[in-house]
Protein chains: 2
Amino acid sequence: MPTIKDIAKKLGVSVSTVSRALNNHPDIREETKEEVLEAIKKLNYTPNALARSLIHKRSYTIGLMIPDITDQFFSAMAQGVEEVLSDSGYLVVYGNMSRSPKKERIFLQNASERKMDGLIVTPDTMDDEMIALLQRLEIPVVFLRRRPPASLQMPFVDVDHYKGTCKAIEYLLSLGHKDIGFIGLPDYSFTGRERYRGFVDTMNRHGIELHPNGCVFDERSIALGYQGMAQLHVNYPGMTAVFAANDLLGVGALEWLAENRISVPEQMSVVGFDNLEMTNLHWIKLTTVAQPRTEMGKKAAELLMEMISEKRLASESILFDTELVIRNTCASPNVLKTTI
Amino acid sequence: MPTIKDIAKKLGVSVSTVSRALNNHPDIREETKEEVLEAIKKLNYTPNALARSLIHKRSYTIGLMIPDITDQFFSAMAQGVEEVLSDSGYLVVYGNMSRSPKKERIFLQNASERKMDGLIVTPDTMDDEMIALLQRLEIPVVFLRRRPPASLQMPFVDVDHYKGTCKAIEYLLSLGHKDIGFIGLPDYSFTGRERYRGFVDTMNRHGIELHPNGCVFDERSIALGYQGMAQLHVNYPGMTAVFAANDLLGVGALEWLAENRISVPEQMSVVGFDNLEMTNLHWIKLTTVAQPRTEMGKKAAELLMEMISEKRLASESILFDTELVIRNTCASPNVLKTTI
DNA sequence: CTGAAAGCGCTTACAG
DNA sequence: CTGAAAGCGCTTACAG
């Protein structure tokens, strides 16, 4: 690989001149510039971005920490991030954490050593070590679909899980349901707690008492939604609708209902959360709460671009609204009764 | 951010000494080393990987070109790649091409300027410019789920599409089907041509004549599979089974059949290709041909690691075998007739 | 064991 | 407009 020196020698000019041609600096004669550019083509010269970054103290690289690249929820966000960042001339380094805390630490270490210009992160762990690492980074960071701990003065882009759930429950209520079961996410998850809070508050606001065995909490997976539905069916016989705190759980619930020949929405209404692509499949058509995933990714990237160009580490956070996507899994609870 | 110079000054030693402590070089007194390491901790020093790379002429970075990060087919391969590469201490830069030829060119340009140590690529376009770019790279490249043009002496990791299709067709034949329709991929795709060839050859080998209107070709999408099925239904009335050249098309076909109350597998058998996660959904359970996606990604990464450590640009290519995953969408064609 | 010096491939004031 | 020189933050022979 030829260097700037090689092409300077070949042309009998100084490296400064070559550099000026490369960066189209005004202080260079047009003819000289063209000669240089021609030689560059002929010798198949590529500038060394590493050397350039060393001087500029910028790597034109943004790190994107993703919990699981295989999960379409995150890949849609990633796409949004990529779109605006690559348009701005940055290279985005996707770091796939595979849900491993160790990988998260290594990624931040890498970001620091490779002098990344900014970071968009969706961390799963948030222990003291992690916080300390983020603190030390000295580069702009924005949290995406996660909230930073208060001690970290960093902006986030997330969705209003509370309001989203309220909307879904209001919808079920408007259909006439009163006996609504809840398949929720684990308590350690902020998202899970917010969605649960939305459920409880909305029910209370309407003066409806919660069934003592009407809630079940599980990790996010289809199999667990299936189990949860089975449990609720036994423990909450009067139930006419279920809110699943995410689509995986919702699809699992639907699966159990299909297997047990309980027709949806005639005998049971189901609502999910996330609007995963699979929920729009012909056999599923789940009514669900949509998060603007690509938009969130874009917004996070725009925020980061602003922070970088204005050289500040903080910024306003952004909370997106959700949208209730009504499909085929909800109906009034008395449809069946009146026809009998 | 402190540099090596700062910590040398603080300790009253030379930068060489600090460097040696950092890289645990043998030529340093244990005590000195510990002092340095301590100061490094205290000053929150992070080595600058850019400077290091400039000297080593290696960036410890591998580029991974992905057609569409949002497509689970590719993200599963990417995960395989990541796993072995990050274990080897490399940072993998995922480049999401969003199916854009321009992005592919920019990515290769980036790879060159940033001195990436190797590349794993799944390009969609392969015109002369692309070939020239790849040629000029001078770094190890392996093709993943794509074949390099003959002029490029580069290895690939792919699946035997031909044999995979033969297996699927043999299976339908063994069930007693003779009237098999084919929903294929566009002719410009190597993969598509191979799968079609597998179909035609297997039918011929069994002395079965192809129906003149028994084949339909489309881009890969559920909507197009739906359309394709509708077309075949009209043009090939005696058809008892369909082979869809990929799962998206297969699921679309299944959708059309469900909507038109043609029961699967009783009235129509369907086989897909790829084993996408959605095909295992309760309502789908599509019999399909599985590609070892994660394995392929891993293998590609291993190949690349070998090439890098042995400093060569070529290597043996690898063709993986597929596996027929039998689920619920195939049965003998006469099941229904005998019961009538 | 330790330090001074050269150099990786660039950019950028500073002279001219 | 052009070139010589310093420097970005490191590593690595080379002396001692």
Side-chain angles (χ1 to χ4, degrees), chain A residues 1-37 39-40 43-61 89 109-117 138-139, chain B residues 1-37 39-40 43-61 89 109-117 138-139:
Chain A
M1 279 265 127
T3 72
I4 206 176
K5 224 187 271 176
D6 297 321
I7 103 111
K9 203 178 297 172
K10 189 70 106 194
L11 256 50
V13 299
S14 73
V15 293
S16 327
T17 301
V18 178
S19 175
R20 278 188 274 256
L22 239 34
N23 300 289
N24 48 39
H25 193 96
D27 286 353
I28 186 170
R29 200 156 44 105
E30 193 56 36
E31 292 170 50
T32 325
K33 186 168 164 181
E34 274 163 24
E35 274 179 57
V36 172
L37 259 21
I40 277 168
L43 295 187
N44 181 22
Y45 166 80
T46 318
N48 185 324
L50 263 24
R52 197 175 264 175
S53 292
L54 191 56
I55 296 171
H56 288 161
K57 294 172 181 307
R58 303 184 55 181
S59 62
Y60 307 96
T61 290
Q109 189 63 34
N110 259 315
S112 171
E113 294 188 358
R114 290 165 191 260
K115 306 298 164 197
M116 295 186 186
D117 299 336
E138 298 180 6
I139 59 171
Chain B
M1 278 269 125
T3 72
I4 205 176
K5 224 187 271 175
D6 298 320
I7 102 112
K9 203 177 298 171
K10 188 70 105 194
L11 255 49
V13 299
S14 72
V15 293
S16 327
T17 300
V18 178
S19 175
R20 277 189 274 257
L22 240 32
N23 300 288
N24 47 42
H25 192 95
D27 285 355
I28 186 170
R29 201 157 44 107
E30 194 55 37
E31 292 170 50
T32 324
K33 186 169 164 181
E34 274 163 24
E35 273 179 57
V36 173
L37 260 21
I40 277 170
L43 296 186
N44 182 21
Y45 165 81
T46 319
N48 185 324
L50 262 25
R52 198 175 264 176
S53 292
L54 191 56
I55 295 171
H56 287 161
K57 297 176 180 305
R58 302 185 56 179
S59 63
Y60 307 96
T61 290
Q109 188 64 34
N110 258 315
S112 172
E113 293 188 358
R114 289 164 193 262
K115 306 297 166 197
M116 294 183 185
D117 299 336
E138 299 181 6
I139 58 171

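Within every chain, numbering begins at 1; the chains are lettered A, B, ... in the order of the sequence lines, protein sequences first and strands thereafter.
- Using a 4.5 Å heavy-atom threshold, the side chains of Arg52(B) and His56(B) count as touching.
- Spacing between atom CG of Leu54(A) and atom P of dC8(C) amounts to 14 Å, rounded to whole angstrom units.
- To the nearest 0.5 Å, the span separating CG on Leu50(B) from NZ on Lys57(A) amounts to 10.5 Å.
- Among the heavy atoms of the strands lying under 4.0 Å from Ile28(B) are primed sugar atoms or P, OP1, OP2 only; no base atom is included.
- Inter-residue side-chain proximity for Thr3(A) and Asn48(A) is flagged as unmet; no heavy-atom pair is nearer than 4.5 Å.
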Item checked: Nucleotide-level pairing of DNA chain D, given in dot-bracket where Watson-Crick and G-U pairs need both distances under 3.5 Å and | marks other strands -> |||.||||||||.|||

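- The side chain of Thr32(A) approaches dT2(D) more closely than any other nucleotide in the set dG3(C), dT11(D), dT2(D).
- Inter-residue side-chain proximity for Arg114(A) and Thr61(A) is flagged as unmet; no heavy-atom pair is nearer than 4.5 Å.
- Considering Asp6(A), Ile40(A), Val36(A) as possible partners of Tyr45(A), the one that fulfils the side chain to side chain contact (heavy atoms under 4.5 Å, CB included) test is Ile40(A).
- Proximity of Lys57(A) to the phosphate of dT11(C): no side-chain N or O atom is located under 4.0 Å from OP1 or OP2.
- For Asp27(B), the listed nucleotide lying nearest its side chain is dT2(C); candidates were dG9(C), dT11(D), dT2(C).
- Under 4.0 angstrom from either OP1 or OP2 of dG9(D) there lies no side-chain N or O belonging to Lys115(A).
- For the pair Asn48(A) CG and dG9(D) P, the interatomic distance rounds to 16 Å; values are reported in whole Å.
- The side chain of Ser14(B) places an N or O atom within less than 4.0 Å of a non-bridging phosphate oxygen (OP1 or OP2) of dG3(C).
- Between Lys5(B) and the phosphate of dC8(D), there is a side-chain N or O to OP1/OP2 separation shorter than 4.0 Å.
- Near DNA chain C, meaning a heavy atom under 4.0 Å away, the residues from residues 17-26 of chain B are Thr17(B), Arg20(B).
- Residues Met1(A) and Lys115(B) are in side-chain contact: their nearest non-hydrogen atoms beyond the backbone lie under 4.5 Å apart.
- Checked by atom type, the side-chain pair Thr17(B)/Ser14(B) shows a donor-acceptor distance below 3.5 Å.
- As a whole-Å value, the separation of Lys33(B) NZ from dT2(C) P is 12 Å.
- Atom pair Ile4(B):CD1 and dG7(C):P shows a separation of 19 Å (rounding to whole Å applied).
- Taking only side-chain atoms of Ala51(B), from C-beta outward, the nucleotide of dC8(D), dC10(D), dT11(D) with the closest atom is dC10(D).
- Contact record, Ser59(A) with Met116(A): OG-CA, 3.5 Å, taken as the closest heavy-atom pair.
- Separating the CZ atom of Arg58(B) from the P atom of dC8(C) is a distance of 19 Å, rounded to the nearest angstrom.
- Taking the side chain as every heavy atom from C-beta outward, Val13(B) and Val18(B) approach each other to under 4.5 Å.
- For Tyr45(B) and dG9(D), the OH to C1' distance is 7 Å, given to the nearest whole Å.
- Taking atom CD1 of residue Ile55(B) and atom P of nucleotide dA5(C), one finds them 17 Å apart after rounding to whole Å.
- When each of Val15(A) and Gly12(B) is assigned the nucleotide of DNA chain C with its nearest heavy atom, Gly12(B) is the one assigned upstream, toward the 5' end.
- Side chains of Ser19(B) and Ile4(B) form a contact here, defined as non-hydrogen atoms less than 4.5 Å apart.
- Counting non-hydrogen atoms under 4.0 angstrom, Thr3(A) reaches the backbone sugars and phosphates but no base.
- For dT11(D), the OP1/OP2 oxygens have a side-chain nitrogen or oxygen of Arg52(B) closer than 4.0 Å.
- Regarding Asp6(B), its CG atom lies at a distance of 13 Å from the C1' atom of dC10(D), rounded to whole Å.
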